[in-house]
Amino acid sequence: MEANIVTTTPFNDQKPGTSGLRKKVRTFQQPHYLENFVQAIFDTQDGLVGGTLVVGGDGRYYNREAIQIILRMAAANGVATALVGQGGILSTPAASCIIRKYRTQGGIILSASHNPGGPDEDFGIKFNIGAGGPAPESVTAAIYARTREIDRYLTIDADPIDLDQIGAATLGAMRVEVIDAVADYAALMESLFDFNAIHQLFNSGAFRMCFDAMHAVTGPYAVEILENRLGAPPGTVINGTSLPDFGGGHPDPNLVHAHAIVELTQGAGGLDFAAASDGDGDRNMILGKGCFVTPSDSLAILAANAHLTPGYSQGVAGIARSMPTSQAADRVAEALGVDCFETPTGWKFFGNLLDAGRITLCGEESFGTGSNHVREKDGLWAVLFWLNLLAARHLSVAEILGEHWVRFGRNYYTRHDYEGVDSAAAEGLMDHLHRLLPDLPGYQLGAYRVAYADDFSYTDPIDGSVATGQGLRIGMEGGSRIVFRLSGTGTAGATLRVYIEQYESDPARHHEPVQEALGPLILIARELAQIEARTGRNAPDVVT
Ligand code: G16
């Protein structure tokens, strides 16, 4: 079948952010908008010609339409085979699993992650390379450069593929295989964790948990793995039906947006364990009875206990965390005698370290935890890891947490988000801080003396690539830190993130309310950045 060559002109706003291109649905629905970006992928990724491409998304509004467009373009561009998740669904970690398992040349994942969905909300697209992970900056830069000069895209005329029917079809000269979205991923999880032990935990009758799928992509995965394979009681998974608008909610598993399950863990009758995942299934939030495990602590605890699970029984080769993530994992790495890498925000920066075998586990404060099993962060994986630990150690979440702090000390940690800030005001605030940086070292801020202040840059130890301008760090003597960054995943205005951390070695002081323990540093951050004067905000929108 002859490809149609469609004339187009560039859009000037197709630069991928922290994780792919995220815009309002209506932006993507403009004629040629999605097509230009997709063609830029095909024009720059030669391996896709004659190769296999994985396609799937988190099921949000416009997912199905976008998949049909991408499939027709893939056929026109000479892709030999497309593997598509049934119903157009693939969680981000499942897509990574499938790209790797079938040794494909890459995948296109449709998601705006934790951002809301619906006709007036967000949509997103990103390309993952053959190793299974998000495209590194060299690839996203090439795709972006191509979008700036694009003048045509290729497609074919063809009827839509039936995405709901598992099986093979042809589209032009391309073979399309609609595959079970869950099976490969579930098998991988079964190979990593002690499913018998977790099964017994559920069977004991003394353990009660809840998993909130937030009406997003994880529902079918969680029902299959937790309820069908591990024997958790039916109803353990709540909000398990994937909906295009996520039920009108904000599919972001944090203390604010997943508040309902926080409530379920409170009080004498609170659940022993609760967890949630996000729009595309790569984030996780972990709760125990009356307690919340910060993502930073979770990474550290998983690393310290990894040897108790079948998949990581050999221990960890190294750990990596994004720069704003607390330094709790660094202490575990030191105790284990392995490297701990500090990378910029964005999962793509872990890829080289994982591929080179330098790290086994990695994580981010933004509710992301993962390992070398795939090349994305993985929400359900983190939940299963915790369940495996609870089954192996016969301790509660709070006991594991408290014991960890006694052994390693506690890194008190919080993140304050100021959302939808005027972009110019946010840039002005960052410029102001930037100007302060050179004078801060040695300066006394309240009870803290500044040890260093810089704009974080990272040199990848594997390929030598350099990423600059990755967030402003103000480090105090003794290890406390304040970090300022602008989010790279929003679609309207700017989001200012302020990350605050303080180390406490004294077990007698491990159980203070977090916002109180960090109160003086929070105040210093607000004043230093002139947050209220510059943004008009006297309080953050989200505190985690
Ligand atoms: C994405 C990236 C993560 C990053 C997060 C936060 O997550 O994959 O690596 O930590 O954004 O980014 P920002 O602080 O720039 O908003 P997700 O879950 O949105 O894909």
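Numbers for residues simply follow the sequence, beginning at 1.
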**Student:** Give a yes or no answer on whether the side chain of Gln86 reaches the backbone of Asp164 with a donor-acceptor pair at less than 3.5 Å.
**Tutor:**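 Answer holds: yes.
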
**Student:** Is there a donor-acceptor contact under 3.5 Å from the side chain of His307 to the main chain of Ser313?
**Tutor:**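 Looks like no, no N/O pair under 3.5 Å.
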
**Student:** Between the side chains of Asn411 and Gln327, is a donor N or O closer than 3.5 angstrom to an acceptor N or O?
**Tutor:**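 No.
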
**Student:** Check whether Ser91 reaches the backbone of Gly281 with its side chain - one donor and one acceptor, N or O, closer than 3.5 Å.
**Tutor:**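 No: the side chain of Ser91 does not pair with the backbone of Gly281.
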
**Student:** Under 3.5 Å, side chain of Arg60 to main-chain N/O of Ala216, donor-acceptor pair present?
**Tutor:**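 Side chain of Arg60 to backbone of Ala216: no pair is present.
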
**Student:** For the pair Thr325 (side chain) and Glu365 (backbone), establish whether a donor and an acceptor sit closer than 3.5 Å, ignoring hydrogens and angles.
**Tutor:**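 Yes; at least one donor-acceptor contact below 3.5 Å.
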
**Student:** Would Lys15 and Tyr144 count as a cation-pi pair here, with the cationic atom under 6.0 angstrom from the ring centre and within 45° of the axis?
**Tutor:**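 So Lys15 does make the cation-pi contact.
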
**Student:** Establish, from distance only, whether the side-chain atoms of Thr81 and Glu177 form a donor-acceptor pair under 3.5 Å.
**Tutor:**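 No pair is found: no donor N or O on one side chain lies under 3.5 Å from an acceptor on the other.
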
**Student:** Can a salt bridge be assigned to the pair Asp417 and Arg497 using a cut-off of 4.0 Å between side-chain N and carboxylate O?
**Tutor:**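 Arg497 and Asp417: salt-bridged.
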
**Student:** What residues, two or more places apart in sequence or in another chain, satisfy salt bridge (Lys or Arg N to Asp or Glu O under 4.0 Å) together with Lys101?
**Tutor:**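 Residues passing salt bridge (Lys or Arg N to Asp or Glu O under 4.0 Å) with Lys101: Asp184.
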
**Student:** So, Asp297 and His404: side-chain donor and acceptor under 3.5 Å apart, yes or no?
**Tutor:**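 Distance-only check fails for Asp297 and His404.
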
**Student:** In Å and rounded to the nearest 0.5 Å, what is the CH2 to CZ distance from Trp347 to Arg375?
**Tutor:**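 So the CH2 of Trp347 and the CZ of Arg375 are separated by 11.0 Å.
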
**Student:** Donor-acceptor check, side chain of Thr218 to backbone of Ala213, threshold 3.5 angstrom: yes or no?
**Tutor:**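 Checked: no pair found.
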
**Student:** Could you measure the distance from the CG atom of Asp58 to the NE2 atom of His114? Nearest 0.5 Å is fine.
**Tutor:**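 So the gap between those two atoms works out to 11.5 Å.
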
**Student:** Ignoring hydrogens and angles, state whether a donor on the side chain of Asn239 or Asp212 is under 3.5 Å from an acceptor on the partner side chain.
**Tutor:**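 Short answer, yes.
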
**Student:** Between Tyr185 and Tyr221, is the ring-ring contact (aromatic ring centres under 6.0 Å, His included) condition met? List the steps.
**Tutor:** CA-CA 8 Å; Tyr185 177 82; Tyr221 296 87; 5.6 Å; yes

**Student:** Any pair with a residue in residues 121-144 that passes salt bridge (charged side-chain N to carboxylate O under 4.0 Å, His left out), sequence neighbours left out, goes on the list, sorted by first then second residue, please.
**Tutor:**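 Counting only pairs at least two positions apart or across chains, the salt bridge (charged side-chain N to carboxylate O under 4.0 Å, His left out) contacts touching residues 121-144 are Lys24-Glu121, Lys24-Asp122, Lys126-Glu376, Glu137-Lys348.
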
**Student:** Check whether any side-chain N or O of Asp278 sits under 3.5 Å from a backbone N or O of Arg283 as a donor-acceptor pair, and report yes or no.
**Tutor:**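 Pair found, side chain donor or acceptor close to backbone of Arg283.
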
**Student:** Classify the angle between the aromatic ring planes of Tyr413 and Tyr499 as parallel (below 30°), tilted (30 to 60°) or perpendicular (above 60°).
**Tutor:**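 Judged by the thresholds at 30° and 60°, the geometry between Tyr413 and Tyr499 is tilted.
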
**Student:** Would you check if the side chain of Thr140 reaches a backbone N or O of Ala135 as a donor-acceptor pair within less than 3.5 Å?
**Tutor:**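 No, Thr140 side chain to Ala135 backbone: no donor-acceptor pair under 3.5 Å.
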
**Student:** Output, in order, the C-alpha distance, side-chain angles, deciding distance and verdict of side-chain contact (heavy atoms from CB on, under 4.5 Å) for Thr345 and Phe456.
**Tutor:** CA-CA 10 Å; Thr345 294; Phe456 181 60; over 6 Å; no

**Student:** Distance alone, cut at 3.5 Å: any donor-acceptor contact between the side chains of Ser96 and Asn128?
**Tutor:**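 Result is no, nothing qualifies.
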
**Student:** Report the relative orientation of the aromatic rings in Phe193 and Tyr312; use parallel for angles under 30°, tilted for 30 to 60°, perpendicular for over 60°.
**Tutor:**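 Taking Tyr312 first and then Phe193, their aromatic rings sit tilted (interplane angle of 30° to 60°).
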
**Student:** Quick one: does Val338's side chain get under 4.5 Å of Val332's, heavy atoms only?
**Tutor:**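 A side-chain contact is absent here, since even the closest heavy-atom pair is not under 4.5 Å.
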
**Student:** Quick one: which of Val383, Val262, Asp252 gives a side-chain contact (heavy atoms from CB on, under 4.5 Å) with Met285?
**Tutor:**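 That would be Val262; it is the only one of Val383, Val262, Asp252 passing the side-chain contact (heavy atoms from CB on, under 4.5 Å) with Met285.
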
**Student:** Is Arg410 salt-bridged to Glu504, going by a charged N under 4.0 Å from an acidic O?
**Tutor:**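 A salt bridge is absent here (no side-chain N lies under 4.0 Å from a carboxylate O).
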
**Student:** I'd like to know if the side chain of Thr18 reaches the main chain of Gly488, judged simply by a donor and an acceptor atom lying under 3.5 Å from each other, with no hydrogens or angles considered.
**Tutor:**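 Looks like yes, one N/O pair under 3.5 Å.
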
**Student:** Do any N or O atoms from the side chain of Glu227 and from the backbone of Ala222 form a donor-acceptor pair under 3.5 angstrom?
**Tutor:**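 No; zero donor-acceptor contacts below 3.5 Å.
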
**Student:** Could you walk me through whether Leu192 and Thr309 pass side-chain contact (heavy atoms from CB on, under 4.5 Å), step by step?
**Tutor:** CA-CA 7 Å; Leu192 295 174; Thr309 63; over 6 Å; no

**Student:** Salt bridge or not between Glu364 and Arg321? Use side-chain N to carboxylate O under 4.0 Å.
**Tutor:**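 Between Arg321 and Glu364 there is no salt bridge, as every charged N stays at least 4.0 Å from the carboxylate O atoms.
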
**Student:** Is Arg393 salt-bridged to Glu403, going by a charged N under 4.0 Å from an acidic O?
**Tutor:**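 Yes, charged N to carboxylate O under 4.0 Å.
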
**Student:** State the CD1-OH distance between Ile67 and Tyr62, to the nearest 0.5 angstrom.
**Tutor:**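 Here the rounded value is 11.5 Å.
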
**Student:** In Å and rounded to the nearest 0.5 Å, what is the CG to CZ distance from Leu384 to Arg229?
**Tutor:**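 The CG atom of Leu384 sits 11.0 Å away from the CZ atom of Arg229.
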
**Student:** Hey, mind stepping through Leu287 and Val397 against side-chain contact (heavy atoms from CB on, under 4.5 Å) and telling me if it holds?
**Tutor:** CA-CA 8 Å; Leu287 301 161; Val397 174; over 6 Å; no

**Student:** Show, in sequence, the C-alpha distance, side-chain angles and deciding distance for Leu110 and Ile70, and conclude whether the side-chain contact (heavy atoms from CB on, under 4.5 Å) test is met.
**Tutor:** CA-CA 10 Å; Leu110 303 165; Ile70 292 166; 3.7 Å; yes

